[in-house]
Structure formats: C-alpha cells, structure tokens
2 protein chains.
Amino acid sequence: MAAIDRSLVRALPMFEKLSDAELDRMLARATLRRVPIGQAVFEQGQKATQFFLLLHGRLKVTQVTADGQQIIVRVVHPGDIFGFAKALMRDDYPGTPTAAAESLVLCWPTEVWGLFVEQNPHLAVNAMQTIGQRLQEAHTRIREMATEEVERRVAHAVLRLIDQAGRKEGEGIRIDFPISRQDIAEMTGTTLHTVSRILSAWEAKGLVEGGRQKLLVRDAAGLATLAEGES
Amino acid sequence: MAAIDRSLVRALPMFEKLSDAELDRMLARATLRRVPIGQAVFEQGQKATQFFLLLHGRLKVTQVTADGQQIIVRVVHPGDIFGFAKALMRDDYPGTPTAAAESLVLCWPTEVWGLFVEQNPHLAVNAMQTIGQRLQEAHTRIREMATEEVERRVAHAVLRLIDQAGRKEGEGIRIDFPISRQDIAEMTGTTLHTVSRILSAWEAKGLVEGGRQKLLVRDAAGLATLAEGES
DNA sequence: CAACCTGCTTGCGCGAGCGCAAAGACACTG
DNA sequence: CAGTGTCTTTGCGCTCGCGCAAGCAGGTTG
C-alpha cells in the first residue's frame with residue numbers, strides 16, 4: 001500500500017496540533033478509498049469495523065425506518081469525520097452514508113481510535129466538540145420540525161446548505177453538489193411535491209433559481225427573512 | 001462547606017471505575033444544591049460556569065424559539081450529567097433545565113472538567129458515550145417527527161418515558177414524576193389539545209389511565225403495537 | 001437521432017391536526 | 001369550605017400540506 005501524503009490532511013483543523021511525525025504515524029494505518037456517486041461507504045446496521053474521514057466530495061447520511069421511509073440525517077462535508085460508532089460504544093453503524101458526488105475517503109480500523117486518542121488527547125477533545133456540535137444541530141432541527149411550518153423549514157435547510165456547501169457564482173450562491181427535491185424533502189420531513197411547489201414559488205419571487213439536481217440562491221437575505229417567519 | 005458523602009454517587013456507572021480517593025477528590029470540588037419544583041438550575045443563553053450531575057428528582061430541559069414557542073429537548077434522570085457545555089466548546093448553555101420534581105444536584109465549576117479528565121480518562125470516554133447516546137436519541141426523534149403521524153409519536157414518547165422513568169404499580173406502569181399534557185405536546189411537536197384527545201381515546205381503549213399531571217400505562221404492549229403503526 | 005429514464009412540475013381533492021373557545025375537574029389557599 | 005388558579009376535556013371549523021395522477025424536460029444510451 002502506498003503511503004498517503006500528509007498534505008492531504010495537513011490543513012484540517014482536526015489535525016492542526018499534530019506534529020508531522022504523529023500525522024505520518026496515523027496515516028500509515030489508514031487506507032484511501034474512492035467512492036463513486038450513488039455508492040454507500042457502509043450500510044446502516046452493519047458491524048462497525050472502521051471509522052472515516054471525508055477528504056473530498058460529499059455524502060448524504062440516510063436512515064430508513066422499519067416501514068421503508070427514508071430520511072437524510074445529515075450531510076458530510078470534506079474534513080468531517082464520520083462512522084466512529086465505536087467511540088460512542090455502539091457496535092453497528094446507525095446510518096448509511098451515500099456519495100452525492102464522487103468522493104474520497106480515509107479509512108481506519110476502529111481499534112486504532114483508542115491508540116490515537118491516547119497518543120494525542122487533542123483528538124478526543126476535538127471529536128467531543130464535533131459530536132457536541134452535531135447534537136446542537138440535531139436539537140435545532142427537532143425544534144424546527146416541532147414549531148415551524150414546512151416553508152420555513154425548507155428555507156432553514158437551504159440556508160444551512162449554502163452555509164456549509166455554498167460556492168459563489170455570479171448572481172448568487174450555488175449549492176456545490178447535486179441535490180434533488182427529494183433530498184430536500186427528506187431533510188425537512190415533507191414530500192418532494194411540496195418542496196417542488198415551494199421552490200417554484202420562490203423562483204417566481206426571484207429568491208432562487210432551480211434546475212435538475214441544482215439550486216442557486218439569488219437572495220440569501222430574502223430567504224433568511226422568510227426563515228425567521230415574518231409573514 | 002460540609003463534605004459530600006461518597007455513597008451518594010458510588011453506585012453510578014459514571015464513577016464505578018474510580019477509586020474512593022479519586023472520588024473524594026472530585027466531591028471535594030463539588031457543591032450540593034436543592035432545586036425546588038418549577039425552578040431552573042440555569043437559564044438558556046447564560047454563560048456556562050458549572051456542570052452538573054442529577055442525584056435525585058427529574059428535570060425537563062426546554063428550549064424557547066425566537067417567537068416564544070417552547071419545546072422539551074429531553075428529560076434528565078437521576079445519574080445523568082448535564083450542562084457540560086464547556087466540554088463541547090460552547091460557552092453558554094443551550095437550554096433551560098427545570099425541576100419537574102423536587103431535585104438534588106451536584107455542581108462543579110467548569111474549570112475542573114479538564115483536570116478530572118486528565119486524572120481519569122475513563123470519565124471522558126463515559127462522557128463521549130453519553131453524548132453519543134443523546135445524539136442517537138435526537139436522530140431517532142428527528143426521524144419520528146419527519147415520518148410519523150402525531151398519534152404514533154405520542155406513543156413513542158410515552159414508551160420512552162416509561163422506559164426511563166417507569167415504576168411498576170399494580171395494574172400497570174406509572175410515569176414516576178409529574179408530567180402534563182402540555183409537556184407531552186412539547187416533546188412530540190403537537191398541541192396540548194391533540195395530546196388530550198389522543199390520551200382520552202387510549203383511555204377508552206383501556207391502554208392508559210390519565211389524571212392531573214399523571215399517567216399510568218396499563219397495556220405497554222398495546223401501545224408498542226400502536227407505535228409501530230399497524231393501523 | 002430516437003428512445004428512455006430519471007427527476008421536476010402542477011392540478012385537484014381530502015383529511016389530520018391546529019386554533020379558538022368554552023366548560024369541567026382537581027388541588028391548593030386563606 | 002368557598003374561592004381561585006391550573007390542568008384537562010371536548011366541540012367545531014378551517015387550513016396546510018399530503019396523496020394521487022398525469023404530463024413535462026433534460027440528459028444519457030444505443
């Protein structure tokens with residue numbers, strides 16, 4: 001197996017406190033994996049044998065309910081770690097991360113997590129913080145789902161996406177990976193139909209510009225107003 | 001300040017790996033606080049200066065939205081730690097824990113968290129696991145809110161409550177702290193009216209028995225069937 | 001270039017559950 | 001024990017958004 005170059009991960013805040021030597025030692029235990037669009041890194045319910053770091057691309061983490069309904073729990077962005085179920089004392093993965101765009105992933109066997117943390121407590125602190133943020137985010141979503149009507153939820157979801165994955169593009173901000181109406185529906189707890197209607201309405205108002213698996217936000221401020229619900 | 005007796009916390013899984021000496025050292029830094037019913041341990045948005053362990057009683061953690069709506073994020077049970085925002089690198093508390101029953105709380109200044117973790121890495125592992133479980137639970141709730149209709153959500157919430165705070169009582173299982181229809185509504189993202197109607201219907205079917213701030217589940221299995229949604 | 005597939009749009013009707021409103025029940029206070 | 005405040009029940013109308021169904025567009029394949 002070829003050694004993985006430090007430069008791939010050097011810039012990540014996760015590792016900024018590590019020395020080059022420590023980093024190399026970590027990378028020596030890792031494998032690199034390409035995940036083509038539409039493919040899953042692992043499946044919900046599978047035994048957790050590895051944990052991961054997304055280097056490039058984008059993953060949607062889904063969960064399916066007993067009756068086959070699907071929801072998107074979160075989106076994994078480059079630099080995020082994911083699938084560290086073992087650190088949380090689970091032994092199976094709770095969701096399925098699927099590549100929304102061609103992705104590149106670093107994989108470590110779960111056993112090394114303990115070693116890494118021992119050698120470098122910073123990593124544990126960092127991981128803890130990461131989970132904390134996710135918990136926060138989850139609570140925010142719960143609150144939104146409990147109190148807000150669909151249009152505002154969709155607005156919030158879109159704003160979150162342009163915040164996490166926005167790329168400036170001429171007249172506005174583009175969501176930088178392929179995302180369908182169905183996806184947005186699964187993030188906001190509604191149906192593809194309703195999302196389509198809402199986006200059409202927004203397009204008529206000049207707030208956004210749609211397209212097949214594409215979304216361009218022309219007026220983020222306007223959307224934010226909508227999200228805050230001044231009817 | 002009087003020393004706090006080890007026996008109060010010895011039995012908690014959180015501390016089972018600690019020696020008596022270590023435990024005493026921790027307790028030496030703690031203060032004990034009684035929280036009367038209806039009172040908050042701290043307020044949402046307040047600077048995080050302490051973290052806590054619930055010894056006795058029951059707390060409901062609420063968040064309020066910008067427009068004044070309230071939701072219950074979770075319930076804190078005896079033995080749970082809470083308010084360790086600093087460990088998650090926040091410096092304010094994200095919610096308000098209010099005593100649903102007369103409660104007893106151990107309080108530590110946030111600074112000692114680092115010390116404790118250094119001395120006893122087990123604590124960090126434990127904390128991580130705790131947050132992991134909460135994240136899991138949060139995702140479960142998101143999934144429920146996104147895919148299930150109100151009656152099933154309420155069923156799930158009640159089942160969770162009897163699981164976490166159920167006490168066997170003659171004909172069924174009682175929820176062991178005062179809980180109102182309003183509370184259940186705020187846990188499931190609906191209104192007090194709808195909850196009341198649902199519980200009335202269940203009572204007619206012999207599934208539960210209601211009362212002012214009380215709930216007794218007579219047929220947990222029946223409720224579970226309902227929650228799984230075999231209409 | 002035609003055929004096809006997948007994702008998007010739109011119309012229509014219906015039903016769950018919310019909002020409002022009013023009244024009843026229970027517990028605590030003086 | 002009457003009075004008061006909080007919690008709960010129940011009725012009624014209305015609206016949001018879902019479900020179904022049909023048609024459309026754009027990109028990909030033979």
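A, B, ... follow the sequence lines: proteins, then strands. Residue 1 opens every chain.
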Using 0.5 Å steps for rounding, measure from the CZ atom of B:Arg143 to the CE atom of A:Met145.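 The CZ atom of B:Arg143 sits 11.5 Å away from the CE atom of A:Met145.
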Tell me whether the side-chain N/O atoms of B:Thr191 come closer than 4.0 Å to OP1 or OP2 in C:dC18. yes
Using OP1 and OP2 only, check whether a side-chain N or O of B:Arg181 sits under 4.0 Å from D:dT9.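 So the side chain of B:Arg181 is within the cut-off, an N or O lying under 4.0 Å from OP1 or OP2 of D:dT9.
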Rounded to the nearest Å, what distance is computed from the [atom1] atom of residue [X] to the [atom2] atom of nucleotide [N]?
| X | N | atom1 | atom2 | answer |
| --- | --- | --- | --- | --- |
| B:Glu209 | D:dT9 | CD | P | 13 Å |
| B:Glu151 | C:dG15 | CD | C1' | 15 Å |
| A:Arg152 | D:dG17 | CZ | P | 11 Å |
| A:Ile37 | D:dT28 | CD1 | C1' | 14 Å |
| B:Glu186 | D:dT8 | CD | P | 12 Å |
| A:Ile179 | C:dG7 | CD1 | P | 13 Å |
| B:Glu148 | C:dG17 | CD | C1' | 16 Å |
| A:Trp202 | C:dC8 | CH2 | C1' | 16 Å |

Do any N or O atoms from the side chain of B:Arg152 and from the backbone of B:Glu144 form a donor-acceptor pair under 3.5 angstrom? no
Does the B:Lys60 side chain pair with the main chain of B:Ile72, one donor and one acceptor, at a distance under 3.5 Å?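 A pair under 3.5 Å: no.
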So B:Ser196, base contact, sugar-phosphate only, or nothing? Heavy-atom distance under 4.0 Å.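 Base contact.
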So what does A:Ser200 hit on the nucleic acid, given a heavy-atom distance under 4.0 Å: a base, only sugar-phosphate, or nothing? sugar-phosphate
Are A:Arg90 and A:Asp92 close enough for a salt bridge, meaning some N to O gap below 4.0 Å?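 Salt bridge present between A:Arg90 and A:Asp92.
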Tell me whether A:Glu171 is salt-bridged to A:Arg218, with the criterion being a basic N under 4.0 Å from an acidic carboxylate O.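 Salt bridge: yes.
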Distance-only donor-acceptor test, A:His193 side-chain atoms vs C:dT10 base atoms, 3.5 Å: yes
Please enumerate all protein N or O atoms sitting under 3.5 Å from an N or O of nucleotides 25-29 of chain C, with distances to 0.1 Å.
from   : atom 1 : to       : atom 2 : distance (Å)
C:dC26 : O2     : B:Arg212 : NH1    : 3.4

Checking B:Gln182 against B:Glu186: is there a side-chain donor and acceptor pair closer than 3.5 Å?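 Result is yes, a qualifying pair exists.
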What nucleotide among D:dT9, D:dG19, D:dC7 has an atom nearest to a side-chain atom of B:Leu192?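 Nearest to the side chain of B:Leu192 among the choices is D:dT9.
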Closest of C:dG17, D:dT10, D:dG19 to the A:Arg197 side chain is D:dG19
Tell me whether the rings of B:Phe52 and B:Tyr93 are parallel (<30°), tilted (30 to 60°) or perpendicular (>60°). tilted
